[in-house]
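Data first, discussion second: the structure below is written as structure tokens.
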Number of protein chains: 2
Amino acid sequence: MAARGQAGPATIEDVARAAGVSRSAVSKVIRDAYGVSPAMRERVTAAIERLGYRPRVSARGMRGKTFTLGIEIPDLANPFYPLLLAGATAALSGTPYQLVIAPADPAHSEGYRALQALVDRQVDGVIAVSPLVEQAWLSEVSATVPLVMLGRHDRAEEYDTVVSDDEAGALTVMRHLFDLGHRDIAHLTGEPEDSDPGFGVPQAIRLQAYRTAMQEAGLGDRINIAHVPGVTAGAHRAALRLLAETERPTAIVACHDEPALEVLRAVADAGLTADDVSVAGYDGIAIAGHPGISLTTMRQDGERMGRRSVELLLERLAGRTAPRHEVVEPDLVVRSSTRPPRALGGR
Amino acid sequence: MAARGQAGPATIEDVARAAGVSRSAVSKVIRDAYGVSPAMRERVTAAIERLGYRPRVSARGMRGKTFTLGIEIPDLANPFYPLLLAGATAALSGTPYQLVIAPADPAHSEGYRALQALVDRQVDGVIAVSPLVEQAWLSEVSATVPLVMLGRHDRAEEYDTVVSDDEAGALTVMRHLFDLGHRDIAHLTGEPEDSDPGFGVPQAIRLQAYRTAMQEAGLGDRINIAHVPGVTAGAHRAALRLLAETERPTAIVACHDEPALEVLRAVADAGLTADDVSVAGYDGIAIAGHPGISLTTMRQDGERMGRRSVELLLERLAGRTAPRHEVVEPDLVVRSSTRPPRALGGR
DNA sequence: GTGAAAGCGCTAACAT
DNA sequence: ATGTTAGCGCTTTCAC
């Protein structure tokens, strides 16, 4: 497919020579800019084809765009994130842009590194999913390149945001449990430092909603929060501890689905069932719908969130300057992991 | 953190001026090349810090390396792939290289597009996970940049490969089922075109191993293969069909875990249990260990595979020229989804 | 040990 | 409509 002339891949120069035209002519053709006769376009295209020419993105980058959009993602192992990617990729198909992902270990607040790596590579736009980077730093980054912060509730003037309505979502879960008759509801989440930096991390919002809901239901004294470092990894043990309490909660709400799965595992390991303790998660990952799991959860439309993020970026590249802040509504998916508490005669 | 002088981010020129040295001096410092006095290094470092200078990767790319390794991955939704990424990322920490991921929809044989996008971006090395691209094309690519093909069994002189021993793995699953007493074992896999292009796609190897095992067990006439387009999406329906057969199989082996989960769902939906039909998958994804799932599977060490791929790339960058082909052994994980067939008195 | 200068492959402003 | 040319920010000889 690529027939090279001499050393290394063909350059724009090679194409120009082969087609008997100038470099700028070739450049115009590949960018389909104004001012090329059909005849010339024809010859150039043929030469490009024949030489298997591919423009070097680095070289283009020096003069402007790289046609690359970057997204920084923590923990690809959480099945919610690939949904964002699917949406983002879909929104990009048909455009000349390519999406590249920079993975970032959330544990070490590596978001900075990954985001910086993307910026260093001259991406034309970035999406950040890291919850734990400073707002000021993000503003600084967005002076260089359009930025969308995905999944955090703090708004800034400099960059766009896309979030799900975590407060409404978390309140909906609580209402669902109250409606079933639950009163002793525990909440399982990460370390306080991780959920409190003040810039509206989803887990922090959901935790606060839990508190509010309990208070307003007059259950302030039954508030029971398990802060566990490395939520997903620690959820199993933390849940076992909750289940061993003398006043065992009748329901456990986890800050998202991954730890919720661990809670379900703990319930099973403790020899209990959904009749003994109800479990709810958050995100609506696919496996929650499996009959063996059947986890009640709030579904977030990750695909839509990813898609919107890309669209906001494309708008910026098209010239928009006013910030936009999108909110996506989640919806409750009730499954058999939540049932009335036993005392009320579970079904 | 970044105090800019005038317009746009600082360049090497700005740093040179600020430190009162030449551009090449700065260049030497940032690459820590030979020939810089401690005094100069000191001043330059200070200036870099003060200006918040970051070398543009595009500019560096024009003269040589981009310090970027690319990996092309189909279907991030399959939890096996993030394992590869975790391994790859881990192997890269401490090196000056950054990993970028190019997602590729496997359905459209988009591997070409994603891989090409990476090459266009001048990555210093690529890992390809796409099973369906032509060997010849890969060889061509590897003339430009070191390439590791991950998860395919065809060997080439031009590039390195990392695979798991799929034949041994698939045979092990079959032996496990035979040992339990199963004879009517069905195999669920993708479309023949997807598994047969001749370059050793894992699914094709596993399918062949199934055939071989059945033949050698004298069960050639009970071979029962369901080829379903879009395995994961189609597995549920295909499984229901298998379960409705008059000579219903006592065991179903799926080509990997994702479709196996769908088979489990189908078993439940048909009102059956693991006592009626055993199910096995392949890959050893985490959820297979959940009590609600408990899927028997062959575990592949994805983390190790990702790590080795990166290491092979780094070796190439360090000068190795002879191709290397690594094989990683999978191991059987027995769970409650496989039991003796009912006729034998399943416990 | 340090700096001057020549490119790397493109794009875009400017001739023609 | 087409070609000429001046950089973009860096690395890398090669003099000093």
Side-chain angles (χ1 to χ4, degrees), chain A residues 4-45 47-48 51-68 96 119-122 124 144-145, chain B residues 4-45 47-48 51-68 96 119-122 124 144-145:
Chain A
R4 260 164 266 76
Q6 40 258 42
T11 73
I12 200 172
E13 173 86 56
D14 298 331
V15 176
R17 199 164 23 224
V21 299
S22 72
R23 297 209 311 273
S24 52
V26 179
S27 178
K28 278 174 187 160
V29 169
I30 65 187
R31 290 175 294 139
D32 59 13
Y34 174 82
V36 271
S37 65
M40 163 162 282
R41 149 161 283 112
E42 171 69 20
R43 294 170 56 201
V44 171
T45 313
I48 287 177
L51 299 180
Y53 167 72
R54 305 278 325 180
R56 235 74 89 227
V57 171
S58 314
R60 307 184 92 173
M62 295 214 56
R63 291 307 250 133
K65 332 184 31 121
T66 55
F67 298 99
T68 309
V119 173
D120 290 347
R121 276 155 190 77
Q122 307 264 96
D124 296 334
T144 306
V145 49
Chain B
R4 260 163 267 76
Q6 39 258 41
T11 72
I12 199 171
E13 172 86 54
D14 298 330
V15 176
R17 198 161 26 221
V21 299
S22 72
R23 298 208 311 272
S24 48
V26 180
S27 177
K28 277 173 187 158
V29 170
I30 63 186
R31 290 174 296 138
D32 62 12
Y34 176 81
V36 272
S37 65
M40 163 165 281
R41 147 162 285 111
E42 173 68 21
R43 295 171 54 202
V44 171
T45 313
I48 287 178
L51 299 180
Y53 167 73
R54 307 276 326 180
R56 236 73 90 226
V57 172
S58 314
R60 306 185 93 174
M62 296 215 55
R63 294 302 259 139
K65 335 186 28 126
T66 56
F67 298 99
T68 309
V119 173
D120 290 346
R121 276 155 191 76
Q122 309 264 96
D124 296 333
T144 307
V145 49

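In the text below, chain A, chain B and the rest are named by the order of the sequence lines, each starting its count at 1.
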Integer-rounded Å distance: D:dT11 C1' and B:Glu13 CD: 14 Å
The nucleotide from C:dG3, D:dG9, C:dG9 with an atom nearest the side chain of B:Val21 is C:dG3
Below 3.5 Å, does any donor atom in the side chain of B:Lys28 face an acceptor in the base of C:dG1, or the other way round? no
Separation of A:Gln122 atom CD from D:dC8 atom P, in whole Å? 14 Å
Give the rounded distance in Å between these two atoms: NZ of A:Lys65 and C1' of C:dT11. 13 Å
D:dG7 P sits how many Å from B:Arg56 CZ, rounded? 18 Å
What's the closest nucleotide to the side chain of B:Arg63 if the choices are C:dC10, C:dG7, C:dG3? C:dG7
Separation of B:Thr66 OG1 from A:Asp120 CG (nearest 0.5 Å): 12.0 Å
Do A:Arg60 and A:Gln122 come within less than 4.5 Å of each other through their side chains, counting heavy atoms only? no
Roughly how many Å is it from OH in B:Tyr34 to C1' in D:dT11, rounded to a whole number? 19 Å
Taking only side-chain nitrogens and oxygens of B:Arg31, does any of them come within less than 4.0 Å of OP1 or OP2 of D:dT12? yes
Side-chain heavy atoms of A:Arg41 within contact of A:Asp32, under 4.5 Å: yes
Is there side-chain contact between A:Thr68 and B:Arg121, with at least one heavy-atom pair below 4.5 Å? yes
Side-chain contact test, heavy atoms from C-beta onward, threshold under 4.5 Å: evaluate it for B:Val26 versus B:Glu13 and give yes or no. no
How long is the line joining CZ of B:Arg23 and C1' of D:dT13, in whole Å? 14 Å
Hey, does the side chain of A:Ser27 come within less than 4.0 Å of C:dC10's phosphate (OP1/OP2), counting only N and O? no
Nucleotide nearest A:Ala59 (side chain, heavy atoms from C-beta), chosen from C:dC10, C:dG7, C:dG3: C:dC10
B:Arg43 has an atom CZ; how far is it from atom C1' of C:dG3, in whole Å? 13 Å
Considering only heavy atoms from C-beta outward, does the side chain of A:Thr11 approach that of A:Arg56 to under 4.5 Å? yes
Roughly, in whole Å, what's the span from CG in A:Asp124 to P in C:dT11? 13 Å
According to a strict under-4.0 Å criterion, is A:Ser37 in side-chain N/O contact with OP1 or OP2 of D:dT2? yes
By nearest heavy atom, map B:Ala39 and A:Thr11 onto DNA chain C; which one lands nearer the 5' end? B:Ala39
5'-most contact on DNA chain C (nearest-nucleotide basis), B:Met62 vs B:Ser22, goes to B:Ser22
Any side-chain N or O of A:Ser24 less than 4.0 Å from the OP1 or OP2 oxygen of D:dT5? no
Residue A:Ile12, side-chain atoms from C-beta onward, closest of C:dG3, C:dC10, C:dA5: C:dC10
Contact class for B:Gly64 (heavy atom, under 4.0 Å): base, sugar-phosphate, or nothing? nothing
Please state whether the phosphate of C:dG9, meaning OP1 or OP2, lies under 4.0 angstrom from any side-chain nitrogen or oxygen of A:Tyr53. no
So does B:Arg60 get a side-chain nitrogen or oxygen closer than 4.0 Å to the phosphate oxygens (OP1/OP2) of D:dT11? yes
